[in-house]
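Since the structure comes first, as structure tokens, the remarks are kept for the end.
Note that these values count all heavy atoms, side chains included, but never hydrogens, waters or copies made by symmetry. Both counts, for ligands and for their atoms, begin at 1 and track the order of listing.
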Amino acid sequence: MPDISLRRIALLGCGAMGTRIARAIDSGGINAVLTHVYDQAPERSKGLVDSLKTKPIIVENTHLLSSNNTNLVVEAASQDAVKDVALSVIQNKKDLLIMSVGALLDEAIFEVLADACREYGRSIYLPSGAIAGIDALRAVRGELESVTLTTTKNPRSLSGVPYIEQSGVDLGSLDGPAEVFAGTAADAVRHFPANINVAALIDVACAGGGSTKVRIVADPSIDRNIHEVRASGGFGSMIIRVENVPDPDNPRTSLLAALSAIERIRGLCSGGIMAG
Ligand SMILES: NC(=O)C1=CN([C@@H]2O[C@H](COP(=O)(O)OP(=O)(O)OC[C@H]3O[C@@H](n4cnc5c(N)ncnc54)[C@H](OP(=O)(O)O)[C@@H]3O)[C@@H](O)[C@H]2O)C=CC1
Ligand SMILES: O=C([O-])CC(=O)C(=O)O
């Protein structure tokens with residue numbers, strides 16, 4: 001029998017996605033209670049807690065999230081947050097759900113976390129986030145010959161990225177689509193830490209070792225975050241395309257990413273029949 005007792009969840013990051021996740025738990029639709037939260041911007045954690053019916057405790061640093069009596073830590077903060085806290089979560093014998101997946105394309109971190117999961121008997125979950133078809137890519141990874149991701153966003157969803165500023169592209173004056181990056185997934189998540197975690201997710205699913213090919217395009221004529229994966233090999237071929245509505249509170253992030261995290265948490269907290 002699966003253990004379906006009420007799960008105790010801690011949340012790292014109270015921005016656009018963390019807020020949606022917290023509200024979904026607070027609404028009672030998930031077999032869990034949000035017990036602790038942390039955000040480096042204290043006004044964000046306070047604002048979130050004030051808006052919830054069941055008030056979690058605001059802890060004073062990331063590490064206190066996993067030293068408490070929780071089952072699962074949900075990260076919705078940043079790659080730096082993952083690098084800072086992931087190992088101690090596992091060493092404290094909690095499971096971890098990561099949204100800032102780009103952190104895992106640092107090979108040293110991936111190996112350390114994989115070893116720690118084995119040693120402490122815990123799991124790290126990577127929801128499919130802003131993309132779809134991760135289960136299919138994982139299933140065919142032994143047969144893959146080529147995989148490419150093309151991500152197209154409105155310039156306002158790409159603003160403030162130093163790599164674009166340094167490359168001399170003026171996002172404000174584009175009058176059509178412009179490629180702002182072409183390279184590997186490892187380089188993409190390094191240069192665009194808050195924009196292209198999906199590249200890391202695809203790369204991890206395909207066991208690409210950071211080498212998955214990625215293009216990022218800025219297009220002022222679109223108002224969606226579009227991700228298109230083309231994969232082919234011994235299994236046949238597939239094209240996975242999502243046209244995501246951006247989260248109104250953070251246009252870099254797609255609404256689908258939070259919905260995917262919520263659905264994954266719901267599944268982890270319940271028994272029963274689960275598709276996918
Ligand atoms: N896997 C996927 O498919 C997707 C993943 N993402 C990623 O998910 C994460 C959350 O996204 P979103 O909610 O939209 O981002 P937001 O910027 O809206 O919220 C993130 C919050 O976490 C805080 N934060 C950042 N670093 C730390 C840290 N080290 N310790 C504590 N708090 C921290 C931020 O503070 P401050 O503002 O001060 O930095 C901010 O309040 C991001 O890393 C994003 O790139 C997004 C979309 C899709
Ligand atoms: O939400 C999206 O469309 C993609 C994104 O920001 C990411 O992968 O980090």
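Ligand 2 has no N or O atom lying under 3.5 Å from any N or O atom of Ala257, backbone or side chain. Every N/O-N/O distance between Ala130 and ligand 2 stays at or above 3.5 Å. Close N/O approach between Ser128 and ligand 1 is not found [any backbone or side-chain N/O within under 3.5 Å].
Residue Ala194 places a heavy atom under 4.0 Å from ligand 2.
Leu96 contributes atom CG, which lies 8.0 Å from atom SG of Cys117 (distance to the nearest 0.5 angstrom). Atom CD1 in Ile9 sits 13.0 Å away from atom NZ in Lys94 (nearest 0.5 Å).
Near Gly13, meaning under 4.0 Å from one of its heavy atoms, ligand 1 places the atoms 22 (O). Shown in contact with Ile196 at under 4.0 Å from a heavy atom are these atoms of ligand 2, numbered in order with element: 7 (C), 8 (O), 9 (O).
Within the 4.0 Å heavy-atom criterion, the part of Asn195 lying near ligand 2 is the backbone and not the side chain. For Leu12, every heavy-atom contact with ligand 1 shorter than 4.0 Å involves the side chain, none the backbone. With a heavy-atom cut-off of 4.0 Å, Leu256 does not touch ligand 2 at all.
Counting heavy atoms from C-beta on, the side chains of His227 and Lys153 come closer than 4.5 Å. Looking only at side-chain heavy atoms (C-beta outward), Lys213 and Val147 stay at 4.5 Å or farther from each other. Residues Val214 and Ile216 form a side-chain contact, since some pair of their non-hydrogen atoms from C-beta on lies under 4.5 Å apart. Contact of the Thr151 side chain with the Ile226 side chain is not registered, since no non-hydrogen atoms from C-beta on lie closer than 4.5 Å.
Here Arg252 does not pair with Asp247 in a salt bridge; the nearest charged N to carboxylate O distance is not below 4.0 Å. Here Arg138 does not pair with Asp135 in a salt bridge; the nearest charged N to carboxylate O distance is not below 4.0 Å. Using a 4.0 Å cut-off between a side-chain N of Lys or Arg and a carboxylate O of Asp or Glu, Asp26 and Arg23 do not qualify as a salt bridge.
Asn68 contributes no side-chain N or O that, together with a main-chain N or O of His36, makes up a donor-acceptor pair within less than 3.5 Å. A donor-acceptor contact shorter than 3.5 Å links the side chain of Asp39 to the backbone of Ala41.
Residue Ala77 holds the heavy atom nearest to atom 24 (N) of ligand 1 of all those in Ala77, Pro193, Ala261. Compare Glu75, Gln40, Met17 by their heavy atoms: the one nearest to atom 39 (O) of ligand 1 is in Gln40. Among Leu201, Asp247, Asn197, Ile202, the residue whose heavy atom lies nearest to atom 9 (O) of ligand 2 is Asn197. Here atom 23 (C) of ligand 1 lies nearest to Asp39 when heavy atoms of Asp39, Leu255, Ile21, Val82 are compared.
Protein heavy atom nearest atom 4 (C) of ligand 2, with residue, atom name and distance: His227 NE2, 3.4 Å. Protein heavy atom nearest atom 1 (N) of ligand 1, with residue, atom name and distance: Met99 O, 2.9 Å. When only non-hydrogen protein atoms are considered, atom 26 (N) of ligand 1 lies nearest to Ser78 OG, 2.7 Å. The protein heavy atom nearest to atom 1 (O) of ligand 2 is Ser254 N, 2.7 Å. Remark: minimum distance from atom 15 (O) of ligand 1 to any protein heavy atom is reached at Asn250 ND2, 3.4 Å. The shortest contact between atom 3 (O) of ligand 1 and any protein heavy atom is with Ala130 N, 2.9 Å. Arg252 O, 2.9 Å is the protein heavy atom nearest to atom 6 (O) of ligand 2. When hydrogens are left out, the protein atom nearest atom 48 (C) of ligand 1 is Ala257 CB, 3.5 Å; that is the closest non-hydrogen contact. Atom 29 (N) of ligand 1 has its closest protein heavy atom at Ala81 CB, 3.4 Å. Nearest protein neighbour of atom 43 (O) of ligand 1, counting heavy atoms only, is Ser100 OG, 2.6 Å. Looking only at heavy atoms of the protein, atom 40 (C) of ligand 1 is closest to Arg44 NH1, 3.1 Å.
Defined by atom type and a distance below 3.5 Å, a donor-acceptor pair is missing between the side-chain atoms of Thr152 and Asp219.
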